[in-house]
Amino acid sequence: MEKTNYEVELKNERRRVCSLLYEIDRRKQQLFEMERKYNNTTATLQGLVDGLVAKINSKDSCLWDWELRYNETVRQLKGENAALRRVFAEENRKDKAENFKLRCELRRRTKELEDYKSRNDNNMERRSLLNEIEAQKENVPCRDLVELEKTTSEQIAALKEQLEETSEALKDMESRYSCLTMKQILTNRELQDARKESISGLNDVLTSRTTLVVKRMGEINQKAFEVASSGKFPNEDWQETCAKLCSLWQQNVQDPKWHPFKMINIRGNLQEIVDEDDEKLKELRNEYGDVVYEAVRTALMEMNEYNASGRYAVPEIWNRKEGRKATMKEIIQYVIGQLKIHKRKRKQIP
């Protein structure tokens, strides 16, 4: 019995061993299949990452080349424009001086000829004497007179021709200047279009923590009203009062009927500034202080500069640290910097 039980137990153990071996083989097969899928997935992801990195490198290179070409084109256009302005001004000055000189010479020669003819027409005695001398000397003086008139006429014709050539040259310079002016207008238009696209593309990217921000020009800075309201109404719901007050003055800034500006002469140039003696502004300053007044004054100046006809706030890329409008160079540098950061992050992905 013991031997029989031992054999049965041994058979059972063998079955379990076979079952375990089969399970181990099955698990190994599953593990091999999972490893194969993992390798395929890793290879696919690596290909995608490499493709994205290549695209970023290509775009980075294209953007960098575009920036270089843009800077070089702007520099060349500015140089050509300045040089042509100088050349045009110098040639224009010379042409005007030569033109004036030729006109004076033409008037002098014409007057001499008229005086000469007048003297010969009015002096009958001299005419008679000349006739006698001409008869005696075989018409030599007559030939001299004819030769003088002929020479004077030729000189007048030459002066007129030279004057016409100078006028044609002046017209040619004016035409060239008009072409350059049109080229400059088209370049400025392209820059404006590029700036609009930059504002549209970076509107959701730039934040209050970046050097460049998207600022709405003509919009009142609400923080100034918050500071004034919290000090003026400490025991009341100053936040609601602040919101109403800021909204009211934003409507005033956008009101086309309200124009609190005046013209002043600064070194011979007329400039438009905010009129500090305006009744509304004086009342605002007296009641809420200089901080709120400066916020409204700044919004008025921005509205008058950026959208005087539409009277609504417009977005602009602003250099927060220096408190001015960002240049296209700064915008392009920011975009390139972001692409480089994105590229480094991609390289760090295992």
Side-chain angles (χ1 to χ4, degrees), residues 46 48-86 180-224 271 294-295 297-308 310 312-350:
Q46 186 63 37
L48 291 175
V49 170
D50 292 341
L52 289 175
V53 170
K55 287 183 180 179
I56 291 174
N57 291 336
S58 177
K59 290 183 179 180
D60 191 5
S61 177
C62 292
L63 188 60
W64 179 254
D65 293 340
W66 182 79
E67 181 188 10
L68 292 178
R69 289 197 299 270
Y70 166 77
N71 292 334
E72 182 65 20
T73 302
V74 171
R75 186 184 63 80
Q76 290 180 357
L77 287 177
K78 287 183 178 179
E80 291 177 1
N81 196 2
L84 287 174
R85 283 178 181 273
R86 290 194 297 270
L180 286 173
T181 303
M182 181 59 66
K183 190 175 182 180
Q184 185 179 13
I185 291 173
L186 293 176
T187 302
N188 291 336
R189 188 176 298 170
E190 290 179 358
L191 289 175
Q192 291 297 326
D193 292 341
R195 193 172 192 89
K196 290 180 181 178
E197 289 297 326
S198 300
I199 294 172
S200 176
L202 296 175
N203 190 33
D204 297 330
V205 177
L206 299 176
T207 64
S208 59
R209 294 177 295 178
T210 56
T211 302
L212 302 183
V213 296
V214 177
K215 180 182 178 183
R216 294 185 62 79
M217 310 306 291
E219 192 172 84
I220 295 176
N221 184 6
Q222 191 171 351
K223 290 184 179 179
Q271 293 187 9
E294 284 297 326
R297 188 189 69 82
T298 302
L300 282 169
M301 292 296 293
E302 292 173 353
M303 185 70 74
N304 202 41
E305 178 182 357
Y306 283 87
N307 194 10
Y312 56 86
V314 294
E316 179 61 88
I317 298 181
W318 193 258
N319 189 316
R320 182 171 53 84
K321 289 185 177 180
E322 299 185 13
R324 59 169 174 79
K325 181 173 73 173
T327 62
M328 281 300 300
K329 181 179 180 180
E330 291 172 336
I331 297 172
I332 293 172
Q333 287 176 344
Y334 174 80
V335 174
I336 292 174
Q338 293 300 308
L339 286 174
K340 289 181 178 179
I341 293 173
H342 185 71
K343 178 181 176 181
R344 286 196 295 268
K345 289 182 178 179
R346 286 292 184 182
K347 287 183 177 180
Q348 292 175 359
I349 298 176

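Source: prediction; values computed, not measured. The basis for the numbers below is simple: all heavy atoms, side chains too, and nothing from hydrogens, waters or symmetry mates.
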Salt bridge (charged side-chain N to carboxylate O under 4.0 Å, His left out) partner of E302, chosen from R297, K215, R216: K215
Could you state the interatomic distance from OG1 (T211) to CD (E322), rounded to the nearest 0.5 Å? 9.5 Å
Starting from the C-alpha separation in whole Å, work towards a yes-or-no answer on side-chain contact (heavy atoms from CB on, under 4.5 Å) for K325 and E305. CA-CA 12 Å; K325 181 173 73 173; E305 178 182 357; 5.9 Å; no
dist D193:CG -> N188:CG (nearest 0.5 Å) comes out at 11.0 Å
With distance as the sole test, does N307 use its side chain to make a donor-acceptor pair with the main-chain N or O of G310 at under 3.5 Å? yes
Which pair of non-hydrogen atoms, one from A313 and one from G218, has the smallest distance, and what is that distance? CB-C, 4.3 Å
From CD (Q192) to OG1 (T187), nearest 0.5 Å: 12.0 Å
Which value, rounded to the nearest 0.5 Å, describes the distance between I317 atom CD1 and L202 atom CG? 5.0 Å
Hey, can you pull the donor-acceptor pairs under 3.5 Å for the side chains in residues 327-336, sequence neighbours left out?
from : atom 1 : to   : atom 2 : distance (Å)
T327 : OG1    : E330 : N      : 3.2
E330 : OE1    : R324 : NH1    : 3.3
E330 : OE1    : T327 : N      : 3.1
E330 : OE2    : N319 : ND2    : 3.3
E330 : OE2    : R324 : NH2    : 2.6

From L300 CG over to I220 CD1, what is the distance, rounded to the nearest 0.5 angstrom? 7.5 Å
In short, I199 meets E316 closest at the heavy-atom pair CD1-OE2, 3.7 Å
Between the side chain of S200 and the main-chain N/O of K196, is any donor-acceptor distance below 3.5 Å? no
Qualifying salt bridge (Lys or Arg N to Asp or Glu O under 4.0 Å) pairs with a residue from residues 197-209, counting only residues at least two apart or across chains: none
Look up atom CD in E219 and atom CE in M217, then write down how far apart they are to the nearest 0.5 Å. 10.5 Å
